[in-house]
2 protein chains.
Amino acid sequence: MAFNDWDEVRTAFQVARLGTVSGAAQALGVHHATVIRHIDSLEQKLETKLFQRHARGYTPTEAGNDLLQVAQSTDDQLAQLANRIKGRGNEVTGELIITSIAVLAPLLSPALAAFREEHPDLRVKFLTDERVFRLEYGEAHVAVRAGSPPDQPDNVAQKFYNQGFALYASKDYVERHGMPESLEDVGNHVFIGSADDTPRAPFFAWLKANVPAANIGFQVNQVTAIAPAIHAGIGIGFSTTWAEAGRDDVVQVFAPRPEWNSQLWLVTHVDLHRTAKVQTCLSFLKEWAKRWPAQEA
Amino acid sequence: MAFNDWDEVRTAFQVARLGTVSGAAQALGVHHATVIRHIDSLEQKLETKLFQRHARGYTPTEAGNDLLQVAQSTDDQLAQLANRIKGRGNEVTGELIITSIAVLAPLLSPALAAFREEHPDLRVKFLTDERVFRLEYGEAHVAVRAGSPPDQPDNVAQKFYNQGFALYASKDYVERHGMPESLEDVGNHVFIGSADDTPRAPFFAWLKANVPAANIGFQVNQVTAIAPAIHAGIGIGFSTTWAEAGRDDVVQVFAPRPEWNSQLWLVTHVDLHRTAKVQTCLSFLKEWAKRWPAQEA
DNA sequence: TGCCATCTGTGCATTTCTCCACCAAACACC
DNA sequence: GGTGTTTGGTGGAGAAATGCACAGATGGCA
């Protein structure tokens, strides 16, 4: 049998990854003397130098780099395993990781706050990122996705909320340019559109198809960038009613239309979908969504 | 981060595999009390029961079986890694990085070509640069250095070859200026010297000490710049016999002298010096050097 | 039913490992 | 060139993990 101490491998992994004993010690939460002894012990057992020592740190040898590859994969797999296991229990306790795109944070946060109120033993981790978190890697228990229904094989998706969008502009903009008459005749008004050629969001696609390109004077690549642009008085842009409700410097220019709607989905991994924790969370969120403005087909 | 103790995972793996604490303890070579405490600690961290305890042993739960799968794969990968690392020290494969100053490339390249012929699995990387590659940073396995014996503490240096130098000039130069009578009376001849005040190369130091400064009409800061200067007919400069052998537009003005010799060294880092790969390379190069012109003390 | 074998579980002594403080060397920067 | 910061290395005190011995529980077997 080879490695009879997986902890030493983990230590060596951090040293190879970070390049210094001190850094690895900090990452592992142990003293750097411990790290040095682990490495020495490992190299003695393997009868091979894993690192070349110098004043600026530890540089992995070929063997050290090989170990880095393998241990990185191990670390990933164990992290995924931990998240799977933590989600699997019958109790609604421990950790629950829920992810969404960043724009939905204001919408979801009150719901999650109430959910945590009901389950004080639960530590809720709410992660937002532009990249899609991979449920099959155990990165999250529940994901809120927008757009077309996800087609990942091991993912369970259910309809969550049909988010409506309206067109807004700042009072300042309206004072300077007036209100547009209709969407068929937009005059010289400036619209905030997508920098993408084939935008995913339905309202962006509609805008591209129905408003002259000359009128789309400002383009963004992330939906979160729309609101600041509206508030700055750049032009007319899409937003949700709940996002602009509290602001008195913003006016609704055109009311919501069904074709602008964006479908939100609740997505879980099939292995976790049955568990009490995930089911509790899902049903709570769906119940909470009923309080939101009526959903138009 | 989830699993902060890979040893506990390894322990749980053996328990899941064998079904009993006692069996796992025997397999791991530890006391069964240790195994129990590892499992308890793991389950506490994961907030999930990994095993159902009964008098006949431990039966993995769903989570325990999940862990079994992942840890089995980890165990396999680590075992393979151990075999690779342990075997690597004894075989001549993978990458071998050898460095030298740029002037030596024509001398070393044939040797390296023959070396690679003998070891087809080896990817040889030959790096030349003006800066000195640092072996202690793992930048190279073998370095060919010139001059005084390197005194880096962790470097192993051995004599490689005593490179002789002679003085050459282009035929064109000789036709215009004639051949100098002796090195004691250089007349109006132009010599190519070093731009450095205290040149490292022995022949440059000799030139500075024995030839009037007025005759050193062209100065270079890199040895590689000498040959083009000679060929351009600027003056008389140092070069090696093997460098000028094939050229019919260059003549040897003065024969080699022992005091012009430059000692070449084979340098390795102490951590890599013992490995089969490095040793094979070193002995091959030393053997090859015997074919070169006889070395004068 | 009684005995034995095979498990798990726990308090206590001991060993091992880790942390701390300090040192030395090298690099960066003024 | 001197100084400050970052890095690895080492011996001794303390804490944490381990091993040991023994207890308890269950199932097989005659």
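Residue numbering restarts at 1 for every chain, and letters A, B, ... go by the order of the sequence lines.
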A:R53 to A:I39 - nearest heavy-atom pair and separation | NH2-CG2, 3.9 Å

Rounded off to whole Å, could you give me the [atom1]-to-[atom2] distance for the [X] and [N] pair?
{"X": "B:H38", "N": "D:dA16", "atom1": "NE2", "atom2": "P", "result": "15 Å"}
{"X": "A:Q52", "N": "D:dG9", "atom1": "CD", "atom2": "P", "result": "13 Å"}
{"X": "A:R53", "N": "D:dT7", "atom1": "CZ", "atom2": "P", "result": "17 Å"}
{"X": "B:D7", "N": "C:dT16", "atom1": "CG", "atom2": "C1'", "result": "14 Å"}
{"X": "A:L18", "N": "D:dT6", "atom1": "CG", "atom2": "C1'", "result": "15 Å"}
{"X": "A:D40", "N": "C:dT18", "atom1": "CG", "atom2": "P", "result": "13 Å"}
{"X": "B:H31", "N": "C:dC7", "atom1": "NE2", "atom2": "P", "result": "14 Å"}
{"X": "A:I36", "N": "C:dC19", "atom1": "CD1", "atom2": "C1'", "result": "13 Å"}

Establish, from distance only, whether the side-chain atoms of A:Q52 and A:T59 form a donor-acceptor pair under 3.5 Å.
-> no

Under 3.5 Å side-chain donor-acceptor pair for A:D76 and A:Q72 | yes

Phosphate contact ([N] OP1 or OP2) by [X] side-chain N/O below 4.0 Å:
{"X": "A:H32", "N": "C:dC19", "answer": "no"}
{"X": "A:Y58", "N": "D:dG9", "answer": "yes"}
{"X": "B:T34", "N": "D:dA17", "answer": "no"}

Between A:R56 and B:V30, the residue closer to the 5' end of DNA chain D by nearest nucleotide is A:R56

At under 4.0 Å between heavy atoms, what does B:T20 touch on the DNA or RNA strands: base, sugar-phosphate, or nothing?
-> sugar-phosphate

Which part of the nucleic acid does B:R37 contact within heavy-atom distance under 4.0 Å: base, sugar-phosphate only, or nothing?
-> base

NZ/NE/NH1/NH2 to OD/OE distance under 4.0 Å, B:R84 and A:E62 = no

Would you mind checking if A:K125 and A:E95 are paired as a salt bridge, meaning a charged N to carboxylate O distance below 4.0 Å?
-> yes

